Asks: 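Okay, here's the structure, questions in a sec.
Keep in mind it's a predicted model, so treat the numbers as computed, not measured.
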Amino acid sequence: QVQLVESGGGLVQAGGSLRLSCAASGSIFRINGMGWYRQAPGKQRELVASITTGGGTMYRDSVKGRFTISADNAKKTVYLQMDSLDAEDTAVYYCSANLQKIGSDLSRDYWGQGTQVTVSS
């Protein structure tokens, strides 16, 4: 069993900040990378940022310079620091991890339950 548990969402005014956390637990052999996705009402889920266990990061253009992804590999936790938030960042944010379970030869993606971020203008 693998679980990804997110925390840190909420309501914030435009220009404000939030920090999301996601902790992975369970029968994990190796985590290859983790990331954050978001889905706004009526829109498709989109990748916001990702990080490899080696520290390589990528961001979608609309959040570059405002969001920062980081990870604590020992704690199997990924963070998303979100600054200068605006109304277009309002969405449910999902944590994802590409990992290999103990006893398995394959890696696959696992998802958290999502956390709501609402930015009021």
Asks: Considering only residues two or more places apart or on different chains, which pairs with a residue in residues 101-121 satisfy salt bridge (Lys or Arg N to Asp or Glu O under 4.0 Å)?
Replies: none
Asks: Between W36 and Y59, is there a shared hydrophobic cluster once you connect ILVMFWY residues whose side-chain heavy atoms come closer than 4.5 Å?
Replies: yes
Asks: Are I31 and Y79 joined in one hydrophobic group, where the rule is that I, L, V, M, F, W and Y side chains link up if heavy atoms are under 4.5 Å apart?
Replies: no
Asks: Can you name the closest pair of heavy atoms from L4 and Q113 and give their distance?
Replies: O-OE1, 3.4 Å
Asks: Hydrophobic clusters here meaning ILVMFWY residues chained together by side-chain heavy-atom distances under 4.5 Å, can you tell me if V12 and L80 are in one?
Replies: yes
Asks: Got a sec, which residues hit salt bridge (Lys or Arg N to Asp or Glu O under 4.0 Å) with K64, two or more places apart in sequence or on another chain?
Replies: D61
Asks: Distance check, rounded to the nearest 0.5 Å: S7 atom OG versus R19 atom CZ?
Replies: 9.5 Å
Asks: Grab the two heavy atoms, one from T90 and one from A40, that are nearest each other, plus how far apart they are.
Replies: O-CB, 3.7 Å
Asks: For a side-chain contact (heavy atoms from CB on, under 4.5 Å) check, start with the C-alpha distance between L85 and F67, then their side-chain angles and the critical distance, and finish with the verdict.
Replies: CA-CA 9 Å; L85 285 160; F67 290 10; 3.8 Å; yes
Asks: Assess the side chains of D83 and S17: does a donor N or O sit below 3.5 Å from an acceptor N or O?
Replies: yes
Asks: With side-chain contact (heavy atoms from CB on, under 4.5 Å) as the test, pick out the partner of L99 among N32, T53, I28.
Replies: I28
Asks: So which heavy atom on M82 is nearest to which on L20, and how close?
Replies: CE-CG, 3.8 Å
Asks: Kindly determine whether S25 and V5 satisfy side-chain contact (heavy atoms from CB on, under 4.5 Å), including the steps that lead there.
Replies: CA-CA 8 Å; S25 63; V5 179; 5.6 Å; no
Asks: If you look only at pairs with a residue in residues 24-52, which of them pass as a salt bridge (Lys or Arg N to Asp or Glu O under 4.0 Å), with sequence neighbours excluded?
Replies: R38-E46, R38-D89, E46-R60
Asks: Indicate the atoms forming the closest heavy-atom contact of I69 with M34, along with that distance.
Replies: CD1-O, 4.2 Å
Asks: Could you tell me which residues satisfy salt bridge (Lys or Arg N to Asp or Glu O under 4.0 Å) with E88, sequence neighbours excluded, listed by chain and number?
Replies: none
Asks: With ILVMFWY side chains joined below 4.5 Å, transitively, what does F29's cluster contain besides itself?
Replies: I102
Asks: What are the two closest non-hydrogen atoms of V48 and V63, and how far apart are they?
Replies: O-CG2, 3.8 Å
Asks: Looking only at atom types and distance, does a side-chain atom of E6 sit under 3.5 Å from a main-chain N or O of C95, one as donor and one as acceptor?
Replies: yes
Asks: Report the distance from atom CG of D86 to atom OG of S121, rounding to the nearest 0.5 Å.
Replies: 9.5 Å
Asks: Taking all non-hydrogen atoms of both residues into account, name the closest pair between V117 and G9 and its distance.
Replies: CG2-CA, 4.2 Å
Asks: What residue pairs, at least two apart or across chains, pass ring pair (Phe, Tyr, Trp, His ring centres under 6.0 Å) with a residue in residues 81-114?
Replies: Y37-W111
